Amino acid sequence: MRDAYHEELDSIGDDLVEMARLVGSAIGRATTAMLDADLRLAESVIAADEKVDQLQHDLEARAIALLARQQPVATDLRIVVTSLRMSADLERAGDLAQHVAKQARLRFPESPVPHDLHATLLEMGQLAQRLMAKAAEVIVSKDVDLALQLEQDDDEMDLLHRTLFQHLMDDRWKHGIETAVDVTLLGRYYERFADHAVSVAKRVVYLVTGEHADEIQPAETPVEGA
């Protein structure tokens, strides 16, 4: 019975990795659909979110069943509860990728992003995909140091987000209010997607150490010449 129990715990972890990989792929494809005004690709991203939702629902049902049947304590309880929270983060990240694709569908046959901001949005999409790929790696490896790095990596997304607002607030903005709203929404979607990747990594830190990531002091950087 205990072997079956731990196999079920492992399968929950496998589902989390699959969810992370699916939503990482989704944000990359949604970005392409948005920038290239590719309606077919946008529709495929929107439809594929159903699989992420189903994985989240199945994981939640199995986790609750484990809590009821096994009444886990200590580490095992932390695994189940933290897995539930990670699945919620990943499901929301999938929704954000879907929002990007829906924005592409809404503005078809045009792109919702003016050409002079394509490079910035492309960079945000690529960074979002990399962050989620790293989150998936953290789930597999349980590497606390790698997990803590994600918050630093997210600083790059925050910088790109501020760059978008600088364009929007510039007196030379010439693309109108509707496009400004589109760009504002898209920037927010990418920023929130990255936040969910960071949240997943932080939850892995808690799963492994029993401490919240914010409570763990980062290693000090050696001072040259010291």
Side-chain angles (χ1 to χ4, degrees), residues 19-56 87-136 150-201:
M19 287 181 73
R21 289 174 176 163
L22 285 171
V23 300
S25 172
I27 198 68
R29 292 184 298 118
T31 301
T32 300
M34 172 193 64
L35 296 176
D36 294 350
D38 187 331
L39 181 60
R40 182 176 296 180
L41 184 58
E43 294 287 9
S44 75
V45 174
I46 293 165
D49 188 58
E50 185 176 343
K51 183 173 182 181
V52 175
D53 292 344
Q54 189 59 54
L55 278 168
Q56 199 262 341
S87 74
D89 275 314
L90 293 167
E91 190 273 334
R92 290 176 190 135
D95 287 345
L96 290 162
Q98 187 185 56
H99 291 341
V100 173
K102 285 182 176 179
Q103 204 71 13
R105 181 174 67 181
L106 179 66
R107 300 304 177 203
F108 181 81
E110 304 297 329
S111 169
V113 180
H115 186 74
D116 52 344
L117 287 180
H118 272 215
T120 302
L121 268 297
L122 175 61
E123 193 172 352
M124 292 180 85
Q126 291 173 338
L127 177 58
Q129 192 167 6
R130 289 198 304 273
L131 286 169
M132 192 56 75
K134 189 176 281 190
L150 255 80
E151 192 159 16
Q152 297 176 2
D153 296 340
D154 184 47
D155 291 343
E156 186 179 346
M157 182 67 82
D158 293 337
L159 179 60
L160 289 166
H161 194 217
R162 287 196 295 272
T163 298
L164 278 185
F165 272 95
Q166 288 170 0
H167 282 281
L168 291 170
M169 299 302 292
D170 195 309
D171 291 339
R172 293 169 292 179
W173 177 262
K174 59 185 179 183
H175 304 292
I177 294 174
E178 185 176 84
T179 301
V181 172
D182 287 345
V183 171
T184 300
L185 288 172
L186 289 165
R188 181 62 173 161
Y189 298 153
Y190 286 112
E191 188 217 9
R192 290 296 300 140
F193 185 98
D195 286 346
H196 285 301
V198 172
S199 180
V200 167

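Please read these numbers as outputs of a predicted model, since none were measured by experiment.
- The residue from H175, H167, K174 that alone fulfils the side chain to side chain donor-acceptor pair (under 3.5 Å) condition with D116 is H175.
- We find that E43 and R40 are not joined by a salt bridge, their nearest charged nitrogen and carboxylate oxygen being 4.0 Å or further apart.
- Side-chain contact check for V52 versus D95: every heavy-atom pair is 4.5 Å or farther apart.
- Taking CZ from R107 and CG from D182, the interatomic distance works out to 4.0 Å, rounded to the nearest 0.5 Å.
- Residue R92 qualifies as open at atom CZ: its count of foreign heavy atoms under 6.0 Å is 12 or below.
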- Does the pair R192 and D195 meet the rule for a salt bridge (charged side-chain N to carboxylate O under 4.0 Å, His left out), with working shown? CA-CA 5 Å; R192 290 296 300 140; D195 286 346; 3.0 Å; yes
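- For the atom pair D158 CG and D153 CG, the distance stands at 11.5 Å (nearest 0.5 Å).
- Residue-environment remark: CD1 (I177) stays at or below the threshold of 12 foreign heavy atoms within 6.0 Å.
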Could you list the donor-acceptor pairs under 3.5 angstrom formed between side-chain atoms of residues 21-29 and any protein atom two or more places apart in sequence or on another chain?
{"residue": "S25", "atom": "OG", "partner": "R29", "partner atom": "NE", "Å": "3.3"}
{"residue": "R29", "atom": "NH1", "partner": "S44", "partner atom": "OG", "Å": "3.3"}

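- Side-chain contact between D38 and F108 is absent, with no heavy-atom pair separated by less than 4.5 Å.
- Distance CG/L90 to CE/M132: 5.5 Å, rounded to 0.5 Å.
- The ring pair (Phe, Tyr, Trp, His ring centres under 6.0 Å) search around Y190 returns none, not counting sequence neighbours.
- Going from atom NZ of K134 over to atom CD of Q129 covers 14.0 Å, rounded to the nearest 0.5 Å.
- Judged by distance alone, with hydrogens and angles left aside, the side-chain atoms of S111 form a donor-acceptor pair with the main-chain N or O of M34 at under 3.5 Å.
- For Q98 (side chain) and I46 (main-chain N/O), a donor-acceptor pair under 3.5 Å exists by modelled atom type.
- Summarising the geometry of M157 relative to A194, their closest heavy-atom pair is CG-CB, 3.9 Å, with the distance given to 0.1 Å.
- Between H118 and H115, the ring-plane angle classifies as tilted under the 30° and 60° cut-offs.
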